Amino acid sequence: MARVSLDKISVEYPIYNAGAFSLRNNLVAIGTGGRISAEARHIKSVMALEDVTLELNDGDRLGLVGHNGSGKSTLLRTIAGIYQPVRGSVEVEGRVSTVFGLGAGLQPELSGYDNIIRMSMMLGATRAQAEAAIPDIEDFSELGNFLAMPVRTYSAGMSMRLNFAVATASYPEILLVDEIFGAGDAEFQVKAQKRMNEFVEKASIFILASHSEQLIKKFTNNTVQLRHGRIM
Amino acid sequence: MPGDIKDLYRQVSLAWYFALSDTYARYKHSVLGPFWLVLSTLIGIGGIAFIWGTLMAADSETFVPSLGIGLVLWQMISGSVSGAAKLFVFQATVIKNIKTPSWRLSLQLLFQQIINFAHNLVLVILLYAIFPHTLSPLILLAIPGFVLVLLNLYWVVQLLGFLGARYRDFDPLVTAVMPLLFFMSPVLFRGHELGSRAFLMKLNPMSYWINIIREPMLGSVPHFSDYLVSIAMVIVGSALAMWVTRAKSHRLAYWV
Ligand SMILES: Nc1ncnc2c1ncn2[C@@H]1O[C@H](COP(=O)(O)OP(=O)(O)O)[C@@H](O)[C@H]1O
Ligand SMILES: [Mg+2]
């Protein structure tokens with residue numbers, strides 16, 4: 001049983017100016033009894049999500065739509081536990097997998113094979129699970145002998161194929177995807193969508209943030225529109 | 001709970017795998033890989049032994065092993081401390097995209113330093129081969145000392161990691177202070193050789209760490225007080241690091 005439950009959450013990004021990031025300025029602020037501090041440390045913040053309530057259960061496929069800066073990425077990262085809300089509560093049951101910030105853990109000097117292990121483990125696999133996923137990743141990425149070469153020799157499209165193959169190699173219960181169908185040639189796009197299909201089918205809960213109406217229509221059965229951090 | 005233990009095991013093996021795999025990457029990058037570090041330590045030992053030996057007319061039979069082991073330990077200590085303040089900022093992409101416990105990133109830095117230290121052991125073996133009289137069964141006493149130092153380094157890395165993420169001028173500050181701490185450490189001297197200025201060393205936490213590993217390796221028993229201070233630092237420091245981690249973990253992704 002997977003479940004995602006957000007209760008009136010608000011997420012704020014603090015905007016530290018250079019002064020607030022400086023130890024020296026903060027010490028000066030203490031030394032001057034805080035007189036300068038108000039100015040030197042003034043911390044503004046951007047309200048990225050406000051009063052967002054969301055309840056998702058097994059079988060839910062949710063599309064997140066909204067303009068740039070409306071809070072889609074922030075919402076996904078909050079569900080993934082990366083950002084904590086300043087107000088409200090987040091409850092998530094089930095193993096979460098994220099398809100964003102692809103390539104975390106990539107070490108360009110090492111081969112594709114080494115990086116499959118690194119990235120898979122970074123995404124939550126054990127060493128054994130990572131090894132077991134290799135044939136499938138070989139198959140999907142079609143990188144052939146390149147997998148034995150250092151990743152720094154790959155083109156952007158080849159890296160994309162590797163990263164995507166790794167990210168979609170294990171089936172999570174809760175799958176969060178943020179705008180990934182940008183890179184790669186047309187042929188890869190088709191392949192990626194096909195793989196995405198299987199991936200989404202096996203997940204209990206799926207959330208996709210995208211600008212593409214076609215993708216939203218294809219993969220989701222419900223949409224939420226965000227505007228300035230609020231659900232419309 | 002078995003689930004928690006499984007996750008702990010996964011995080012620790014992840015840190016270890018990444019430390020090892022980063023080391024392989026350094027070998028791929030240049031044939032010598034981490035042995036560059038060994039080479040630079042070797043040059044350091046040679047250079048200082050020569051200059052200091054002439055200046056202070058030190059007895060090389062006792063001075064060179066003490067200096068050599070001291071420098072090897074210094075590499076590990078200063079490597080951990082200097083790497084700590086920029087650790088979380090360097091790992092920003094990971095922290096912002098994958099839910100990552102900060103303690104795992106600190107552990108990875110510590111593992112990396114242990115791997116470097118293992119490379120540097122070549123020099124220690126070389127020193128024992130040249131100065132065999134230095135080696136004694138007391139060396140076994142270096143093991144608990146080593147464990148104590150690692151525990152200390154761990155909380156230091158975690159704490160400095162948070163400070164460095166929150167205050168960006170903290171890292172240059174650490175870099176600026178390290179040479180000072182080096183001269184306040186017993187690497188170039190052993191405590192009893194300093195006379196009235198020995199108190200300077202006592203102000204430096206790292207002096208205690210070097211003593212509890214190096215003294216047994218040189219065939220003598222460390223002062224009881226060196227152990228006491230090191231243990232006290234582990235307790236107080238870990239408590240502090242845990243408190244900061246508890247209080248500020250949820251802010252880390254916003255800082256980096
Ligand atoms: N790291 C950050 N620091 C400060 N503000 C941010 C950061 N990331 C996003 N924001 C702000 O939060 C709001 C929501 O951004 P985001 O979640 O990325 O929107 P979307 O994914 O819908 O384009 C925007 O106003 C953006 O400027
Ligand atoms: Mg976005």
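Since the structure is predicted, the reported quantities are computational estimates derived from the model, not experimental observations. So that the names make sense, note that chain A is the first sequence line, chain B the second, and so on, each numbered from 1.
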Please classify the contact between I82(A) and chain B as side chain, backbone, both or neither, with a heavy-atom cut-off of under 4.5 Å. both

Please state whether the side chain, the backbone, both or neither of R77(A) comes within less than 4.5 Å of a heavy atom of chain B. side chain

Under a 4.5 Å heavy-atom cutoff, which of V94(B), L173(B), D169(B) has the most pairs with chain A? D169(B)

Highest number of heavy-atom pairs under 4.5 Å with chain A among T93(B), I95(B), D22(B) belongs to D22(B)

If I measure from the heavy atoms of chain A, does R168(B) come under 4.5 Å with its side chain, its backbone, both, or neither? both

Heavy-atom distances under 4.5 Å only: say whether R251(B) touches chain A with side chain, backbone, both or neither. side chain

Between [atom1] of [X] and [atom2] of [Y], what distance do you get to the nearest 0.5 Å?
{"X": "D114(A)", "Y": "K28(B)", "atom1": "CG", "atom2": "NZ", "answer": "5.5 Å"}
{"X": "E109(A)", "Y": "S21(B)", "atom1": "CD", "atom2": "OG", "answer": "11.5 Å"}
{"X": "M121(A)", "Y": "S13(B)", "atom1": "CE", "atom2": "OG", "answer": "5.0 Å"}
{"X": "Q107(A)", "Y": "Y24(B)", "atom1": "CD", "atom2": "OH", "answer": "13.5 Å"}
{"X": "K96(B)", "Y": "Y83(A)", "atom1": "NZ", "atom2": "OH", "answer": "5.0 Å"}
{"X": "L123(A)", "Y": "N97(B)", "atom1": "CG", "atom2": "CG", "answer": "10.0 Å"}

Check the surroundings of atom [atom1] in [X]: do more than 12 heavy atoms from other residues, nucleotides or ligands lie under 6.0 Å from it?
{"X": "Y27(B)", "atom1": "OH", "result": "yes"}
{"X": "H67(A)", "atom1": "NE2", "result": "no"}
{"X": "F146(A)", "atom1": "CZ", "result": "no"}

What residue, out of P108(A), A80(A), G81(A), S97(A), has the most heavy-atom pairs lying under 4.5 Å from chain B? G81(A)

Centre of Y17(B)'s six-membered ring, under 6.0 Å away, within 45 degrees of the axis: is that where NZ or CZ of R127(A) sits? no

Can you list the steps and then say if V11(A) with Y254(B) is a side-chain contact (heavy atoms from CB on, under 4.5 Å)? CA-CA 11 Å; V11(A) 174; Y254(B) 295 106; 3.5 Å; yes

